[in-house]
Amino acid sequence: MSTVALTINGQEVTVPKGTRLLDAATGAGFFIPTFCHDENSPNYGGCRICVVEVKGARNLVASCCAEALDGMVVETESEAVVEARKTILELMLANHPVDCLTCDKAGDCRLQDYAFRYDVKAPTLGGERKDYEFDDSNPYINRDMNKCILCAKCVRTCQDVEERAVISLAYRGFNTKVAPALDGNLATSECVSCGRCVSVCPVGALTYKSLSGKTRSWEVAKEQVTCTWCDAGCQFDLLRKNGKAVGVVAKAPSEGRPLCLKGRLGLELRYNDEPMAPMIKKGDQYVEVSWAEALGLDEIIEKLK
Ligand code: SF4
Ligand code: SF4
Ligand code: SF4
């Protein structure tokens, strides 16, 4: 296999020919932030937060799309790079609710992490702000497009991996937003609630409804579980808080196989630690009953007698 040798932050790095700069740098242990980069739909280069300085290049280079070349001299945290990243974050936060105190994604949010790392505080830039309606129409997924940073990972995942293309980038310029067909809500779309878009969203724009308000991200332990509902054997993350199961979530496509709703909901039922009582419809209402009543045991015993 042919290789190339380059210098990253003063360190000699040798990688196979064709390796992206991002992978060359992170593989050598250097940190590069990313929002839109996704292994399953690479080379998007939309958010530019991954820019690096390449000696001799006219502009900063998006490392997720650029190839590592022989003799390159790269800086991943130069003054120009840090300034560019700060500006990108300031622009994102200028149109963001910044309600990390109550956001379900806090603690597991790249925007929050990078703002901390690059010391970017509350919005400093003025101007028009987005004011979209919160979409909780889907029984499993909440969408808050005011928190969306337009990385398009959800769109690409739904199109390229899930092959459903339920959502896309609608409108243009300032009005660009992620939306189902005709800018409707998720409930009236063709969405199958697989949750893949949620698993790749780097911020709190897409979250699981079942976990909303239940826990902070750092309070849960993740355990990998394999679905047994069919022979595909997809893997999910079971979330436990204080030892108690609180939810089952889809893994990012790069970490697992295609997932289906049956598997996720079936596992949620299987790992439900809440005591469950059977229900029977009496008149117009479902009411809780004993297992004996639900199974008709009294009736069977009477008939046997
Ligand atoms: S999406 Fe991230 S930055 Fe925005 S409010 Fe939620 S935690 Fe904070
Ligand atoms: S839940 Fe699945 S089908 Fe629905 S929008 Fe997200 S990726 Fe597409
Ligand atoms: S909803 Fe999330 S994944 Fe989709 S474009 Fe917005 S920030 Fe990116």
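Positions are given from 1, in the same order as the sequence printed here.
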Inspect the contact between E299 and K303 and indicate whether a charged nitrogen and a carboxylate oxygen are less than 4.0 angstrom apart. yes
Same cluster or not: V15 versus M72, using hydrophobic residues (I, L, V, M, F, W, Y) connected whenever any side-chain heavy atoms lie under 4.5 Å apart? yes
Closest approach of C36 and G46, non-hydrogen atoms and distance? SG-N, 3.3 Å
Do V82 and I49 belong to the same hydrophobic cluster, where Ile, Leu, Val, Met, Phe, Trp and Tyr are linked whenever their side-chain heavy atoms lie under 4.5 Å apart, directly or via other members? yes
Can you tell whether the side chains of D99 and K147 come within less than 4.0 Å, N to carboxylate O? yes
Quick check: are there more than 12 heavy atoms from other residues, nucleotides or ligands sitting under 6.0 Å from OH of Y132? yes
Just wondering, do W291 and L297 contact through their side chains at under 4.5 Å, heavy atoms? no
Does a sphere of radius 6.0 Å around CZ in F31 hold more than 12 heavy atoms from other residues, nucleotides or ligands, not counting ones at 6.0 Å or beyond? yes
Side chains of T34 and R110: do they bring a donor and an acceptor to under 3.5 Å? yes
Between K305 and E302, does any side-chain N to carboxylate O distance fall below 4.0 Å? yes
To the closest 0.5 Å, what do you measure between NZ (K130) and CG (L150)? 5.0 Å
Can you give me the closest heavy-atom contact between Q112 and G107, atom names plus distance? OE1-N, 2.8 Å
Test S168 against V178 for side chain to side chain contact (heavy atoms under 4.5 Å, CB included), laying out the working first. CA-CA 6 Å; S168 59; V178 175; over 6 Å; no
If you measure from OG on S41 to NZ on K153, what distance do you get to the nearest 0.5 Å? 8.5 Å
Salt bridge flag under 4.0 Å for residues R129 and D131: no
Just wondering, are more than 12 heavy atoms of other shown residues or ligands nearer than 6.0 Å to CD in E67? yes
Answer whether the closest heavy-atom distance between the side chains of V98 and L93 falls below 4.5 Å. yes
Heavy-atom side-chain proximity of E75 to V81 below 4.5 angstrom: no
Hphob cluster co-occupancy, V155 + M145, side-chain heavy atoms under 4.5 angstrom: yes
Neighbour count above 12 (heavy atom, 6.0 Å) for I301 CD1: yes
Looking at every heavy atom in both D104 and G213, which two are closest together, and how far apart are they? OD1-N, 3.0 Å
What do the steps show when you test N142 against D135 for side chain to side chain contact (heavy atoms under 4.5 Å, CB included), and what is the final call? CA-CA 6 Å; N142 282 339; D135 179 6; over 6 Å; no
Shortest non-hydrogen separation from R156 to C151 and the atoms involved: NH2-O, 3.2 Å
Taking all non-hydrogen atoms of both residues, which atom of G204 and which atom of C103 are closest, and how far apart? CA-SG, 4.2 Å
Cluster link Y44 to V203, ILVMFWY, side chain under 4.5 Å: no
Show your reasoning for whether salt bridge (charged side-chain N to carboxylate O under 4.0 Å, His left out) applies to E39 and R20. CA-CA 11 Å; E39 274 310 319; R20 279 185 302 252; 3.1 Å; yes
I want to check something: taking the side chain as every heavy atom from C-beta on, are C227 and F236 in contact at a cut-off of under 4.5 Å? yes
Take atom CD in E83; do more than 12 heavy atoms of anything else shown fall under 6.0 Å from it? no
Closest approach of R143 and P180, non-hydrogen atoms and distance? NH2-CD, 4.0 Å
Can you list the steps and then say if V225 with Q235 is a side chain to side chain contact (heavy atoms under 4.5 Å, CB included)? CA-CA 6 Å; V225 290; Q235 304 210 307; over 6 Å; no
Hey, is E293 close enough to K282 for a salt bridge, meaning N to O under 4.0 Å? yes
Separation of L206 CG from I141 CD1 (nearest 0.5 Å): 7.5 Å
Tell me, with the steps shown, if T14 and L6 meet side chain to side chain contact (heavy atoms under 4.5 Å, CB included). CA-CA 6 Å; T14 304; L6 63 162; over 6 Å; no
With salt bridge (charged side-chain N to carboxylate O under 4.0 Å, His left out) as the criterion, how do K177 and D183 come out once you've worked through the C-alpha distance, each side chain's angles and the decisive distance to 0.1 Å? CA-CA 9 Å; K177 70 187 269 204; D183 200 1; 2.9 Å; yes
When you check the side-chain N and O atoms of R270 and T228, is any donor under 3.5 Å from an acceptor? yes
Can you find a heavy atom in the side chain of S63 that is under 4.5 Å from one in the side chain of V51? no
Between E77 and Y118, does any side-chain donor sit less than 3.5 Å from a side-chain acceptor? yes
Atom pair CG (D160) and CG (N40), whose distance is rounded to the nearest 0.5 Å: 8.5 Å
If you count heavy atoms of other groups shown closer than 6.0 angstrom to CD of E133, is the number above 12? no
Within a strict 4.5 Å, meaning less than it, do heavy atoms of the T7 and V13 side chains meet? no
Would you indicate whether the side-chain heavy atoms of V73 and V54 approach each other to under 4.5 Å? no
So, N138 versus S193: side-chain donor-acceptor pair below 3.5 Å or not? yes
Side-chain (D23) to main-chain (T26) donor-acceptor, under 3.5 angstrom: no
Taking C-beta and beyond as the side chain, do V120 and Y114 meet within less than 4.5 Å on heavy atoms? no
Same apolar cluster: V74 and L60, side chain cutoff 4.5 Å: no
SG (C47) and CZ (F35) are apart, to the nearest 0.5 Å, by 6.5 Å
Step through the shown structure and confirm whether more than 12 heavy atoms of other residues, nucleotides or ligands are within 6.0 Å of CZ on R48. no
